Visitor: 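Pasting a structure below so you can have a look.
Within every chain, numbering begins at 1; the chains are lettered A, B, ... in the order of the sequence lines, protein sequences first and strands thereafter. What you are looking at is a predicted structure, and each value in this text was computed from that prediction instead of being measured.
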Amino acid sequence: MNTFRLLILPALLLLMACKKEGSPTPAPDPVPSNFTLKLEHHVDGALLDYDTLRYINEAGHAFSITRLEYYISGIRLLTADSSDDDPVIPGPFYINGMASNSFDLGAVPLGEYTGATLLLGLPDTLNVTGGLPNTLENVNMAWPVGMGGGYHFMKFEGHFLNSGLPTGYAMHLGRNENLPQCVLQQPFTVGSSGGTVILHFNLNEVFRTPHTYDLSSGSYSMGSMTLMALLSDNCADAFTIACTP
Amino acid sequence: MSRGLRRLVGPVLLLVLGPSCQRNTAEEADPCATQTSPHNIVLPFYFPAPPVFSDPLTLEGMALGRRLYYDTLLSRNGPLQGLACATCHDQARSFTVPNGTVNVLPHVNLAWNSSFLWNGKVSGNLQDIMRFEVSDFFQVDVNVLRSHPEYPELFRKALGTCWITREDVARALAQWFRRLTSTHSKFDRYLRYEEMLTAQEVSGMSIFLSETGDCFHCHAVPLMTDNRFHNIGLQSTFTGFDVGRYAVTGNPIEMGAFKTPTLRNIALTAPYMHDGRFATLEEVVDFYSSGVQHSPSLDPIMTKPGTGLTIGLTPQQKADLVAFLHTLTDTAFVNDPELRNPF
């Protein structure tokens with residue numbers, strides 16, 4: 001249940017860290033540093049655009065992206081002596097790649113982090129029908145009860161050139177067995193002045209490492225545990241993290 | 001509720017119009033104040049919460065909106081002279097009527113919508129689409145309402161307005177549309193564990209809600225629409241109204257894409273699709289089974305694993321799917337006396 005731990009202690013630490021030395025007012029600053037979580041989407045460095053077949057994946061297919069929706073949850077900030085006490089931002093956050101995605105995180109424990117981990121999707125406790133509030137986004141992400149219930153972790157759709165013919169692909173990911181556990185290996189610092197925690201999602205990683213995903217032999221993943229397992233493995237290294245003041 | 005214009009114009013007008021509104025008794029009494037009773041729509045547990053609107057929902061607001069909806073006065077002196085909203089939006093058919101080239105969209109659960117009309121030309125909330133209907137489509141002549149024996153008082157009570165504007169007409173209609181909520185189909189009762197579906201309906205439901213038919217991705221439960229735009233492959237080249245959403249965004253990936261219509265009461269709203277090309281649900285299901293046509297903007301969901309563009313349903317599966325679509329009929333809604341013509 002670590003994932004759902006509240007951040008009270010770290011928040012207190014942050015409050016202390018924010019107190020300015022020699023401040024004329026003795027009362028502690030009641031407002032902790034404010035952090036924003038921001039999601040950014042790109043394809044090998046190019047900012048995500050929803051139009052032409054402009055991207056090339058590992059298997060050599062030109063592709064476009066027409067839809068990107070997913071959840072992230074359980075963002076764990078790793079300390080050097082990685083322990084159970086590492087702070088966790090539980091989420092879940094619903095992300096629509098077509099919108100700008102900023103979330104108010106409030107206080108984030110200050111410190112030097114060696115990296116982070118996160119779930120691309122929902123923890124099993126929430127991945128049940130009715131597990132999330134009935135917002136429009138969530139009901140559209142529902143995974144039908146007859147197929148196991150819960151929610152889509154990700155809907156990633158577009159077209160690819162299949163022997164010259166633009167062909168649809170729909171990489172839908174769901175079911176607890178296929179929950180990607182992403183590892184983000186960039187060290188970063190969370191400083192006292194607040195700032196933005198940025199998660200970059202490189203969509204092309206979905207199609208490579210460890211598996212070269214060939215859309216022409218599997219353009220529709222939902223209902224196929226085999227294809228979803230490939231996608232899940234590939235997503236493990238799809239995110240990077242940074243923190244800017 | 002106070003509005004600058006109303007405060008300025010209202011009292012002047014009232015002085016001119018007659019003694020019934022004398023305000024010399026209570027100094028602070030606002031002659032234009034609303035007199036309303038709040039109304040709350042109870043939703044099933046699996047429904048999303050409706051969005052928050054600037055006007056609270058009131059019995060008076062809904063009643064006024066209803067009256068306007070059924071009143072041909074609304075079109076007087078405008079391009080649709082002689083028509084009421086209800087002329088083209090008939091309750092018995094889930095507020096549609098069979099129409100020529102552009103199919104009439106039903107008025108069901110539109111409070112949750114954020115894009116309106118087949119190509120999503122109007123975005124925003126109910127009030128935004130009502131502003132469009134009132135100002136652009138009907139071009140309502142508000143003087144007709146201002147000089148009416150009853151409307152000024154109805155507007156005052158419902159909306160606290162002493163000088164009716166098109167915006168007020170849109171506000172009243174928006175309240176009425178919030179009342180047009182359908183939650184009592186057989187499928188709803190099934191979701192609430194109140195009633196069983198037949199074996200055939202269950203079979204149709206599993207086709208609808210699984211990869212076999214793959215309908216749920218766009219006709220999402222419980223609104224039976226995702227309120228987004230898709231090119232489902234009715235044709236492979238596009239001209240005129242058929243370009244769909246492309247006419248609004250100019251984005252080639254939206255060529256031929258239309259708003260997903262709700263499937264609530266679908267058995268009552270023939271013909272089908274934006275141009276009414278299919279006369280029956282059987283024809284619609286045949287289309288999804290084997291009639292989908294390729295184009296570069298075809299929605300990715302329409303490309304099925306292994307089988308290309310067909311889902312290849314058997315005659316039995318097709319019949320089952322149609323049987324399920326019939327469970328989406330909400331007879332309580334289409335027979336609700338509170339939604340009928342009040343005149």
Side-chain angles (χ1 to χ4, degrees), chain A residues 49-54 62-69 96 98-99 129-130 132-149 151-152 155-162 164-172 174 215-224 226-228, chain B residues 43-51 111-114 191 202-203 205-233 249-254 257 260 292 294-309:
Chain A
D49 246 319
Y50 294 88
D51 50 12
T52 49
L53 296 146
R54 65 166 74 183
F63 72 102
S64 68
I65 296 171
T66 55
R67 175 182 307 282
L68 176 64
E69 291 177 86
N96 182 348
M98 296 225 179
T129 294
L132 297 179
N134 278 330
T135 62
L136 273 181
E137 290 84 11
N138 293 339
V139 299
N140 279 345
M141 290 293 272
W143 192 270
V145 176
M147 298 183 74
Y151 298 87
H152 286 75
K155 291 184 187 177
F156 173 19
E157 301 170 10
H159 298 100
F160 71 107
L161 267 191
N162 192 9
L165 188 71
T167 306
Y169 71 85
M171 302 291 100
H172 286 200
L215 285 170
S216 64
S217 51
S219 63
Y220 202 103
S221 65
M222 193 174 182
S224 163
T226 318
L227 293 183
M228 289 195 291
Chain B
L43 296 167
F45 66 88
Y46 49 84
F47 254 68
W112 286 268
N113 265 41
S114 47
L191 291 175
V202 168
S203 159
M205 178 179 71
S206 19
I207 295 166
F208 191 96
L209 292 176
S210 72
E211 294 316 285
T212 316
D214 199 13
C215 316
F216 66 93
H217 272 126
C218 304
H219 300 286
V221 178
L223 298 169
M224 311 315 287
T225 170
D226 59 355
N227 198 27
R228 301 218 171 122
F229 301 88
H230 307 271
N231 165 9
I232 58 170
T249 63
N251 189 340
I253 65 168
E254 301 199 278
T260 311
V292 175
H294 184 269
S295 64
S297 61
L298 180 67
D299 195 279
I301 293 286
M302 303 308 291
T303 305
K304 308 300 174 184
T307 56
L309 303 183

Visitor: For chain B, which candidate among A/G168, A/S224, A/G223 shows the most heavy-atom pairs at distances under 4.5 Å?
Guide: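 Most heavy-atom pairs within the cutoff with chain B belong to A/G168.
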
Visitor: Below 4.5 Å from any heavy atom of chain A, which atoms of B/N227 appear? Answer side chain, backbone, both or neither.
Guide: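 The answer is neither part of B/N227.
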
Visitor: Using ring pair (Phe, Tyr, Trp, His ring centres under 6.0 Å) as the criterion, list what pairs up with B/F229, not counting sequence neighbours.
Guide: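 Once residues adjacent in sequence are excluded, B/F229 has no partner under the ring pair (Phe, Tyr, Trp, His ring centres under 6.0 Å) criterion.
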
Visitor: Picking from B/C218, B/S295, B/S297, which has the most non-hydrogen pairs under 4.5 angstrom with chain A?
Guide: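 Greatest number of close heavy-atom pairs with chain A: B/S297.
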
Visitor: Tell me, for A/M147 versus chain B, whether the close heavy atoms (under 4.5 Å) come from the side chain, the backbone, both or neither.
Guide: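 Answer is side chain: those atoms of A/M147 sit under 4.5 Å from chain B.
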
Visitor: Pick one of side chain, backbone, both or neither for B/H230, based on which atoms fall under 4.5 Å of a heavy atom in chain A.
Guide: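 Contact with chain A: side chain only.
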
Visitor: Go through the atoms of B/P296 and report whether side chain, backbone, both or neither lie under 4.5 Å from a heavy atom of chain A.
Guide: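 For B/P296, the contact with chain A is made by backbone and side chain together.
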
Visitor: Are side-chain heavy atoms of B/L309 and B/T303 found at a separation under 4.5 Å?
Guide: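 Heavy-atom side-chain distance check passes, below 4.5 Å.
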
Visitor: Are A/E69 and B/R228 close enough for a salt bridge, meaning some N to O gap below 4.0 Å?
Guide: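 Yes.
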
Visitor: Could you check whether any side-chain heavy atom of A/H172 comes within less than 4.5 Å of a side-chain heavy atom of B/I301, counting everything from C-beta outward?
Guide: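 Yes, side chains in contact.
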
Visitor: Not counting sequence neighbours, which residues clear salt bridge (charged side-chain N to carboxylate O under 4.0 Å, His left out) with A/K155? List them please.
Guide: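 Counting only residues at least two positions away or on another chain, A/K155 forms no salt bridge (charged side-chain N to carboxylate O under 4.0 Å, His left out).
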
Visitor: What part of A/L227 lies closer than 4.5 angstrom to a heavy atom of chain B: side chain, backbone, both or neither?
Guide: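 Contact with chain B is absent: no heavy atom of A/L227 under 4.5 Å.
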
Visitor: Give, as side chain, backbone, both or neither, the part of B/N251 having an atom under 4.5 angstrom from any heavy atom of chain A.
Guide: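 The answer is the side chain of B/N251.
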
Visitor: Looking only at heavy atoms, what is the nearest atom pair of B/V221 and B/M224, with distance?
Guide: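 Here B/V221 and B/M224 meet closest at CA-SD, 3.9 Å.
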
Visitor: Over 60° means perpendicular and under 30° means parallel, so tell me whether A/H152 and A/W143 are parallel, tilted or perpendicular.
Guide: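 Plane angle over 60°, so perpendicular.
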
Visitor: By a 4.5 Å heavy-atom criterion (distance strictly below it), what part of B/L223 contacts chain A: side chain, backbone, both, or neither?
Guide: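 The side chain, not the backbone.
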
